There are 2 protein chains.
Amino acid sequence: MAKAKRTLKWQRDPEGMRLRILEAAKQEFSAHGLAGARVDRIAAKAGANKRMLYYHVGNKDELYLAVLEGAYDKIRSEERGLDLEHLDPPEAIRRLIEFTWNYFLRNPEFLSLLQTENLARAKHLKKSTKVKSMHSPFVEMIRTVVRRGVESGDFQVAVDPVQLYISIAALSFFYLSNSATLSVIFGRDLLDKKAKDERLAHMVGLVLAALTGQSVALFEIAKAPKSRAAVAQTV
Amino acid sequence: MAKAKRTLKWQRDPEGMRLRILEAAKQEFSAHGLAGARVDRIAAKAGANKRMLYYHVGNKDELYLAVLEGAYDKIRSEERGLDLEHLDPPEAIRRLIEFTWNYFLRNPEFLSLLQTENLARAKHLKKSTKVKSMHSPFVEMIRTVVRRGVESGDFQVAVDPVQLYISIAALSFFYLSNSATLSVIFGRDLLDKKAKDERLAHMVGLVLAALTGQSVALFEIAKAPKSRAAVAQTV
DNA sequence: ACAGTATTTATCCAACGGGTTAATTTCTCT
DNA sequence: AGAGAAATTAACCCGTTGGATAAATACTGT
């Protein structure tokens with residue numbers, strides 16, 4: 001009460017409101033998909049009136065696209081922060097895998113949004129001029145890392161960087177985005193600490209072994225799960 | 001007109017009707033997700049009345065679960081048909097990757113259904129007693145293949161079969177389920193013949209190189225896309 | 001201080017969509 | 001044949017939902 005002015009019925013804050021709306025929309029769309037998302041819930045979550053969504057962003061579809069573009073924007077900008085140029089090739093690849101894995105872990109909504117958009121066959125993304133111009137810097141990074149690796153003799157073969165990029169993303173993405181069904185099927189929790197550590201070790205080991213021809217130390221960890229079975233538990 | 005009896009208003013065909021409903025539901029759910037699916041459209045597609053869905057299967061959720069269970073049922077039964085016991089380890093792994101890839105290609109609805117279910121955090125699958133008992137036979141298959149490979153010296157290291165299974169699935173799954181957004185981002189069609197051939201070659205090469213320590217012939221194809229790559233395939 | 005504009009609230013509504021009710025038609029068994 | 005059960009149709013119900021309209025309230029510059 002005793003704060004600055006006295007509490008008015010409401011204050012203006014267009015920028016803040018827009019951000020809160022987009023954040024709420026991100027939550028809602030990633031939790032329920034496009035069709036399952038409820039405009040009213042987004043409004044409520046943003047502490048706003050439903051009319052505000054239309055006023056500040058647009059209708060449901062525009063809202064969704066804005067969220068999607070924001071998500072791409074965010075990952076691309078983080079990707080740019082990671083420079084692999086000065087690392088030796090195997091270390092650069094390891095770093096890349098770790099970044100991808102951790103980014104997905106820290107931003108589960110990103111995974112959900114991509115799933116949702118792919119379910120829609122990228123119908124919305126195709127309309128976005130924004131996203132099409134945001135190339136991932138990774139592909140070129142990988143290209144030079146691979147070239148350096150081959151030249152130095154660290155890597156036994158030159159892979160197509162796009163394929164490698166997709167594979168690295170795939171190994172993390174699928175594990176995390178499908179962890180719910182996989183956990184049911186395998187009857188164990190794929191998201192507990194130990195399982196996650198093992199997964200990261202496995203991925204790094206797999207990719208580096210393929211590139212260098214030598215199985216990496218970390219790969220071995222996954223190898224002999226001394227079989228008090230890796231489990232830990234689910235549901 | 002001049003057929004068998006004369007055309008009655010309608011014939012009875014409970015089993016056929018049930019199948020048509022489930023098939024239509026599979027299409028609808030995989031195309032639009034759970035929330036996006038329309039019960040009326042399923043009925044129309046099945047050449048039936050909406051009431052029939054409820055009569056033969058149940059409400060929307062039950063319909064969805066039946067479809068999901070059917071999808072798992074199908075892949076598990078095909079998996080069982082694949083026996084890798086008599087192949088030498090590297091060949092068995094290659095076979096496994098090819099099967100997975102081709103199955104996903106031939107059954108795109110399976111991918112969509114899994115995405116949908118994971119978006120729902122496997123809420124429905126958890127309720128299915130059926131699916132929980134249908135363990136994939138792959139894990140045990142892989143375990144013995146890996147053991148044989150290590151013993152014979154073909155493989156340089158013993159991987160955890162669950163991790164390997166997930167990785168093999170991941171490499172195909174992600175590429176296909178996310179091909180829509182990836183195609184937009186890379187500005188090229190990941191689903192044309194050439195791209196698919198290269199992808200399969202890359203996956204086989206990656207996994208086998210990791211296991212054996214030697215880069216496989218096929219791996220090279222991806223590198224220098226001379227592309228008349230292996231394969232035979234699909235769709 | 002006040003006029004004009006930007007921001008927010010309070011209601012409303014028409015279409016949609018899942019599900020239900022009740023009547024109708026075909027089949028089967030005796 | 002014909003009665004009872006099974007399968008199918010047709011019509012309706014009603015809460016939900018995206019979106020729109022109009023009025024109120026807070027700012028801004030002059």
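It should be emphasised that the depicted structure is a prediction, and the values quoted were computed from it without experimental measurement. Letters A, B, ... mirror the listed sequences (proteins, then strands); counts begin at 1.
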Peer 1: Angle between the two end axes of the helix from dA1(C)-dT30(D) to dT30(C)-dA1(D), five base pairs per end, rounded to 10 degrees?
Peer 2: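 The two end axes of the helix from dA1(C)-dT30(D) to dT30(C)-dA1(D) meet at 10°.
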
Peer 1: What does nucleotides 8-20 of chain D look like as a protein-contact string, B for base, S for sugar-phosphate only, - for none, at under 4.0 angstrom between heavy atoms?
Peer 2: BBB------SBB-

Peer 1: What orientation do Phe173(B) and Phe174(A) show, parallel under 30°, tilted 30 to 60°, or perpendicular over 60°?
Peer 2: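 Phe173(B) and Phe174(A): tilted rings.
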
Peer 1: Could you tell me which non-hydrogen atom of Leu34(A) sits nearest to which non-hydrogen atom of Thr116(A), and how far apart they are?
Peer 2: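 Of all heavy-atom pairs spanning Leu34(A) and Thr116(A), the closest is N-CG2, 3.6 Å.
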
Peer 1: Under 4.0 Å between a side-chain nitrogen and a carboxylate oxygen: does that hold for Glu78(B) and Arg106(B)?
Peer 2: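 Judged by the 4.0 Å cut-off on N to carboxylate O distance, Glu78(B) and Arg106(B) do form a salt bridge.
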
Peer 1: What's the CG-C1' distance between Leu63(B) and dG17(C), to the nearest Å?
Peer 2: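 Between C1' of dG17(C) and CG of Leu63(B): 15 Å.
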
Peer 1: So does Arg76(B) pair up with Glu79(B), basic N to acidic O under 4.0 Å?
Peer 2: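 Answer for the salt bridge query: yes.
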
Peer 1: Could you give the side-chain donor-acceptor pairs of residues 44-54 of chain A under 3.5 Å, partners two or more places apart or in another chain?
Peer 2:
{"from": "Lys45(A)", "atom 1": "NZ", "to": "Glu28(A)", "atom 2": "OE1", "distance (Å)": "2.8"}
{"from": "Asn49(A)", "atom 1": "OD1", "to": "Arg51(A)", "atom 2": "N", "distance (Å)": "2.8"}
{"from": "Lys50(A)", "atom 1": "NZ", "to": "Asp40(A)", "atom 2": "OD1", "distance (Å)": "3.4"}

Peer 1: At their closest point, which heavy atom of Leu113(A) faces which heavy atom of Phe29(A), and how far apart are they?
Peer 2: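 Closest approach of Leu113(A) to Phe29(A): CD2-CB, 3.9 Å.
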
Peer 1: Nearest heavy-atom pair of Arg80(A) and Pro137(A): which atoms, and what distance?
Peer 2: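 What the structure gives for the nearest pair is CG-CG, 3.9 Å.
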
Peer 1: Under 4.0 Å between a Lys/Arg side-chain N and an Asp/Glu carboxylate O for Arg143(A) and Glu140(A)?
Peer 2: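 Between Glu140(A) and Arg143(A) there is a salt bridge, with a charged N closer than 4.0 Å to a carboxylate O.
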
